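Just so you know, these numbers come straight off a predicted model, no measurement behind them. First the proteins, then the strands, lettered A, B, ... as listed; each starts at 1.
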Number of protein chains: 2
Amino acid sequence: MQAPTEDLSTEEKIKEAARKIFLQKGFAGTKIRDIAEEANINIALMNYYFRSKEKLFEAIFQEALYELLGKTLQILNDTNLSFEGKIRAVVANDMAVMRKNPLLPSFVFAEIHTHVEKIVKDFPQIIDTNNLHFAQQHAEGVQLGKYRNIHIDHIFSMMMGMSIQPFLEKPFWEVQYAGQDAEKLFEEFIANHEKIVVEMLLGYLIIK
Amino acid sequence: MQAPTEDLSTEEKIKEAARKIFLQKGFAGTKIRDIAEEANINIALMNYYFRSKEKLFEAIFQEALYELLGKTLQILNDTNLSFEGKIRAVVANDMAVMRKNPLLPSFVFAEIHTHVEKIVKDFPQIIDTNNLHFAQQHAEGVQLGKYRNIHIDHIFSMMMGMSIQPFLEKPFWEVQYAGQDAEKLFEEFIANHEKIVVEMLLGYLIIK
DNA sequence: TTTTGATTTAAACAAATGTTTAAATCAAAA
DNA sequence: TTTTGATTTAAACATTTGTTTAAATCAAAA
């Protein structure tokens with residue numbers, strides 16, 4: 001039935017299963033026996049390949065974090081993109097990532113408290129937002145009277161918040177449109193949402 | 001040292017402790033012995049008063065949900081408030097609630113998956129957004145060319161998302177401003193954020 | 001074919017976790 | 001004072017859970 005997993009290496013099978021369960025249930029809610037069952041392997045193999053539940057979780061969490069934030073930070077530092085171009089690209093990228101994996105934001109933000117220090121070590125830019133090329137472009141634009149003068153962190157919060165929220169609310173969506181083609185409707189909603197978010201952000205930030 | 005808890009009834013002491021731990025660690029991450037220790041009571045008393053960990057959690061979760069959404073829905077149905085007034089009031093209320101309890105949004109959205117059906121039963125309006133007075137006002141305004149014609153759910157997602165996001169990111173904030181008066185700085189940020197969010201929403205939604 | 005090392009398995013282990021028990025304590029009514 | 005029922009306690013219970021073990025299996029090198 002699910003042939004594709006058959007030819008994966010044991011390590012990959014474990015990772016894939018762990019990712020699925022961890023994202024659904026979080027670290028504390030995940031039992032290693034659930035992962036083992038999902039991956040069709042013996043429990044002992046988990047420790048053979050990853051030493052402990054915690055180590056396995058860290059591997060999964062780090063990948064999830066990169067998936068959610070890695071490309072975003074890259075875009076925000078891309079010197080070939082304009083201020084406006086970066087906003088469009090970040091929102092488009094975030095939406096694309098979460099479309100592929102709707103559980104990503106709630107998983108990351110639920111587990112974040114237990115891992116802040118480590119995340120900051122891996123992604124110092126998360127804290128050092130002022131050093132991003134995006135922030136410099138914004139500051140220059142403000143000087144020229146092109147962009148509204150607000151702290152860059154407000155922009156991040158608004159941009160991320162508006163992009164993420166529909167995925168946090170997705171469970172309700174699925175109840176509301178159960179029976180109908182909820183997935184397709186959600187997909188359409190997200191496509192619209194992306195346009196609106198960008199339009200709203202640019203409309204507010206760029207002074208005409 | 002923490003005298004105030006002394007004169008609470010046992011049931012209240014348990015609830016207060018449970019609330020604190022559940023909000024920090026979620027359902028699966030919470031051990032009833034942690035709650036008992038926090039409340040300074042015998043473990044057996046938990047089951048004496050609440051029958052089970054799950055029942056206790058449900059009591060806490062429902063209160064948290066009411067805290068986060070109850071007033072919001074009330075405002076959105078308040079026929080004495082204008083469309084614009086509702087937006088101002090909702091954002092102000094959400095910010096006030098989360099200022100008092102910054103863990104509320106991440107807790108609720110992390111545990112939401114396991115409780116969607118129950119939530120929808122308690123808050124049918126969450127799904128039935130079109131029947132809110134707010135939605136009717138919006139629809140009328142659209143007809144008159146006063147308000148931008150987008151689906152009401154986009155407005156909710158944007159409004160909630162922008163309000164919630166700073167609190168989801170708060171752990172980073174605390175690392176960034178550790179040592180300095182992080183709480184005070186965050187408080188200032190939130191005050192600014194509230195103004196910006198309202199200004200941006202109204203600027204986008206109201207056609208001049 | 002034999003040997004070697006990596007991989008996989010079943011079983012067991014110790015610790016933890018939610019729950020229950022039966023007895024002890026307490027406070028108010030009789 | 002005695003009695004009654006509610007409250008609290010220490011201890012025990014049965015499961016669950018992450019981890020380890022020692023043996024079995026496998027595949028490739030000698």
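- Salt-bridge formation is not detected for the pair A:E67/A:K100: no Lys NZ or Arg NE/NH1/NH2 atom is positioned less than 4.0 Å from an Asp or Glu carboxylate oxygen.
- The aromatic rings of A:H154 and B:H193 sit parallel to each other, their planes meeting at less than 30°, with 60° as the upper class boundary.
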Item checked: Under 4.0 Å protein heavy-atom contacts per nucleotide of nucleotides 5-20 of chain D, with B for base, S for backbone only and - for none -> -SBBBB------BBBB
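- Ion pairing between a basic and an acidic side chain is recognised when a charged N comes within 4.0 Å of a carboxylate O; A:K15 and A:E11 show no such pairing.
- Between A:E199 and B:R148 there is a salt bridge, since at least one side-chain N of the basic residue sits less than 4.0 Å from a carboxylate O of the acidic one.
- In DNA chain D, the stems built from three or more successive Watson-Crick or G-U pairs (distances below 3.5 Å) are C:1-30 with D:1-30.
- Under 3.5 Å, the side chains of B:D122 and B:Q62 contain a donor-acceptor pair of N or O atoms.
- Rounded to a whole Å, the CD1 atom of B:I35 is 18 Å from the P atom of C:dA16.
- Taking the six-membered ring where the residue is Trp, B:H115 and B:F57 present tilted rings, their angle falling between 30° and 60°.
- Relative ring orientation between A:F27 and A:F22 is described as parallel, the plane-to-plane angle staying below 30° on a 0-90° scale split at 30° and 60°.
- Proximity of B:N80 to B:K86: side-chain heavy atoms (C-beta onward) are nowhere separated by under 4.5 Å.
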